[in-house]
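All remarks here apply to the structure that follows.
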Amino acid sequence: NDNSSVSLRVTLQALHLLVQIEGSTSHFTESCSMKPTAEPTLELFHAAPSGPSRPVDLIFVHGISAGAWLWQDGALDFFSAKGYRSWSLSLSGHGGSTSDKPLAHLRLEDYAQDLATALDEIDRPTVVIAHSLGGAVAQKLMSRGHRTAGMALVCSVPPYGLMRASVEMAIKKPHLWREMSVYCLHGLAAADMEVIRSGLFPTGIEDDVFNRLAGKLQDESFLAMSEASVSWPPFAAPPGPRPDLLVIGGAEDCFVPPLDTFMTAWWYGTQAHVIPKAGHMLMYEPAGQIAAQTILKWLERLTEAPAGRVSQ
C-alpha cells in the first residue's frame, strides 16, 4: 500500500545517508574546533543544600552538545532546596571542561572517566541523574563495576543503543532525521535549527528561552555519538535487575521514544515512568516539574529502604 511504499522509501534513504555518515568521519574530525589542552580540568557546579541534610549527594550529567549549565538554573536549585547537595558536571570538551584530546577524539569511555573523577572528588554517596547521552555515560560507568548510590536515567540512550530509535525517526520524521545527521557530520552550524527545535520541543518553547539555549549548544564528539548509536563496543552492563535505578521518558520524545524507555526499564528489571506531553528536553517544559517530583519521591524511597530493596 501507499504507506508501506513511503516507509520503505524513507528507510532506504536513511540507509543511504548512514553510508554517507560512515564515510565522513574524517571530515567531521577536521572540522571540530575544540583543541586539546595540556592540563585538563573538569567543570563541576555545586549548589549547597538548605534545610536538613540528606544522606546522599546528587550529580547531574548532561547530554549531547550541552554542559553543566543545562541543570544550573532548574534542577540544582530545586533539589538543593530539598536538602540535597547537588552537583552538575561538564563532560570533557563541554562547557568549562577541557581535555588533552580534540573533541572529535573523545569516546564514551573518556566521558565515563570524567564522571568517575567527579564522583571521587565529591567523595560521598552520590546518586547520578543523567540525561540523553549522559545516560549512556552513566551506564558505561556502571558496566565498569563502579557502584553509585543510585542512578536515574532521564530520556536516556537505551542500553542497546539508538539504532532502533534512529530508524523510527527516519520513517516518522525524515526531515528531523536528516538534520540530525547533518549535525552529527558537520556540526550545529550546518543544521537547520528550526527543524531540530521542533523535534526537541514538540510541545513548543518560547523564542527567548530557545535562543538562550541554542546560544550555549556546541558540537559533539562523533565517536561518542556513534558508540551510543550502535552500542559497539557495548557500553551497558548485561540485562539484570537494578532496584536502585529509575527510568524516566517523555511520551512525545522523538529522540528516545517511549518504546525505548520501556525497553530500558525492562533491561534493568524496573518500571518505566513515561510522562505525558513531554519531549526530549523535558527540563525546559512544564512536564519537567512532574519529572522532578518523580525523582524526588524515588530518592526518598531510595534513602529510606534497605540496600537493594527500592520499590518503584
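Between Gly250 and Cys155, the shortest heavy-atom contact is N-SG, 4.0 Å. For the pair Gln218 and Leu188, the tightest heavy-atom approach, listed with the atom from each and the gap, is O-CD1, 3.3 Å. The shortest non-hydrogen separation linking Leu141 to Ala116 is CD1-CB, 3.7 Å. Gly95 and Ser90 make their closest contact through CA-OG, 4.0 Å (heavy atoms, listed as atom of the first residue, atom of the second, distance). Scanning all heavy atoms of the two residues, the minimum distance from Leu176 to Cys254 falls at CD2-CB, 3.9 Å. Ala287 and Ala278 make their closest contact through CB-CB, 3.6 Å (heavy atoms, listed as atom of the first residue, atom of the second, distance).
Checking side-chain atoms of Trp71 against main-chain N and O of Leu89 turns up no donor-acceptor pair under 3.5 Å. Looking only at distances, no side-chain donor or acceptor of Gln271 sits under 3.5 Å from a matching main-chain atom of Ala265. Trp87 contributes no side-chain N or O that, together with a main-chain N or O of Ile122, makes up a donor-acceptor pair within less than 3.5 Å. Of the possible donor and acceptor atoms, none in the side chain of Ser132 sits under 3.5 Å from a partner among the backbone N and O of Gly134. When atom types are taken as modelled, the side chain of Ser97 and the backbone of Glu43 share a donor-acceptor pair closer than 3.5 angstrom. The main-chain N or O of Gly279 is never found under 3.5 Å from a side-chain atom of Glu252 such that the two would form a donor-acceptor pair. Remark: the backbone N or O of Ala68 is paired with a side-chain donor or acceptor of Ser88 at under 3.5 angstrom. A donor-acceptor pair under 3.5 Å links the side-chain atoms of Ser221 to the main chain of Ala224, judged by distance alone.
Within the 4.5 Å cutoff, side-chain heavy atoms of Met151 are placed close to those of Met142. In this structure, the side chains of Phe79 and Leu299 come closer than 4.5 Å at one or more pairs of heavy atoms. Under the 4.5 Å side-chain criterion, counting only non-hydrogen atoms from C-beta, Gln139 is in contact with Ser156. Side-chain atoms of Leu213 and Phe201, non-hydrogen and from C-beta on, do get closer than 4.5 Å to each other. Two residues are said to be in side-chain contact when any heavy atoms from C-beta on lie closer than 4.5 Å; Leu115 and Ile59 meet this criterion. Using a 4.5 Å heavy-atom cutoff, the side chains of Asp192 and Ile196 are not in contact. Within the 4.5 Å cutoff, the side chain of Asp57 has no heavy atoms near those of the His46 side chain. No side-chain heavy atom of His273 sits less than 4.5 Å from a side-chain heavy atom of Val247.
Using a 3.5 Å distance cut-off with no hydrogens or angles, the side chains of Ser92 and Asp114 do pair a donor with an acceptor. Under the 3.5 Å distance criterion, with hydrogens and angles disregarded, no donor-acceptor pair is assigned to the side chains of Ser80 and Ser86. Counting only N and O atoms by type, the side chains of Tyr183 and Asp219 include no donor and acceptor under 3.5 Å apart.
A continuous path of ILVMFWY side-chain contacts below 4.5 Å connects Leu133 to Leu217, so both sit in one hydrophobic cluster. Using a 4.5 Å cut-off between side-chain heavy atoms of Ile, Leu, Val, Met, Phe, Trp and Tyr, with links allowed through other members, Val56 and Leu76 fall into the same hydrophobic cluster. Val274 and Tyr284 are not part of a single hydrophobic cluster, where members link through side-chain heavy atoms under 4.5 Å apart. Transitive grouping of hydrophobic side chains (ILVMFWY, heavy atoms separated by less than 4.5 Å) brings Met193 and Leu200 into a common cluster.
The CZ atom of Arg85 sits 8.0 Å away from the OG1 atom of Thr126 when rounded to the nearest 0.5 Å. Taking NZ of Lys216 as the reference point, atom CD of Gln72 lies at 7.0 Å (rounded to 0.5 Å). The distance from atom CZ of Arg164 to atom OG of Ser229, rounded to the nearest 0.5 Å, is 13.0 Å. Atoms CD1 and CD1, from Ile290 and Ile248 in turn, are 10.5 Å apart once rounded to the nearest 0.5 Å. For the atom pair CG (Asp77) and NZ (Lys82), the distance works out to 12.0 Å, reported to the nearest 0.5 Å. Between the CD1 atom of Ile295 and the CD atom of Glu300 there is a distance of 12.5 Å, given to the nearest 0.5 Å.
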Notebook entry, point to check: side-chain contact (heavy atoms from CB on, under 4.5 Å) between Leu245 and Leu153: does it pass, once the steps are laid out?
Noted result: CA-CA 8 Å; Leu245 191 143; Leu153 301 177; 4.1 Å; yes

Inset, instruction - Go through the steps for Arg147 and Asp244 under the test salt bridge (charged side-chain N to carboxylate O under 4.0 Å, His left out), then give the verdict. - result: CA-CA 10 Å; Arg147 299 291 296 184; Asp244 59 346; 3.8 Å; yes

- Message: side-chain contact (heavy atoms from CB on, under 4.5 Å) for Tyr84 and Leu296? Distances and angles first, verdict last.
- Response: CA-CA 10 Å; Tyr84 290 96; Leu296 188 64; 3.9 Å; yes

Exercise for the section: Start with the C-alpha distance between Arg107 and Glu227, add both sets of side-chain angles, then the distance that settles salt bridge (charged side-chain N to carboxylate O under 4.0 Å, His left out), and finish with yes or no. Expected result: CA-CA 8 Å; Arg107 312 184 77 106; Glu227 290 174 331; 2.8 Å; yes

Checking ring pair (Phe, Tyr, Trp, His ring centres under 6.0 Å) for the pair His131/His62: CA distance, chi angles, key distance, verdict? CA-CA 5 Å; His131 176 254; His62 63 83; 9.5 Å; no

Fill in: Audit row: Leu106, Leu223, side-chain contact (heavy atoms from CB on, under 4.5 Å) steps and yes/no
CA-CA 7 Å; Leu106 293 171; Leu223 284 177; over 6 Å; no

What's the verdict on side-chain contact (heavy atoms from CB on, under 4.5 Å) for Thr117 and Glu121, showing C-alpha distance, side-chain angles and the deciding distance?
-> CA-CA 6 Å; Thr117 300; Glu121 170 131 349; 5.5 Å; no

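Note: His94 and Tyr111 meet the aromatic proximity criterion, with ring centroids under 6.0 Å apart.
Applying the 6.0 Å contact sphere to CH2 of Trp69 captures more than 12 heavy atoms from other residues, nucleotides or ligands.
Checked options Glu168, Met180, Met281; the residue passing with Phe255 is Met180 (criterion: side chain to side chain contact (heavy atoms under 4.5 Å, CB included)).
By the 6.0 Å and 45° rule, Arg197 stacks over the aromatic ring of Phe210.
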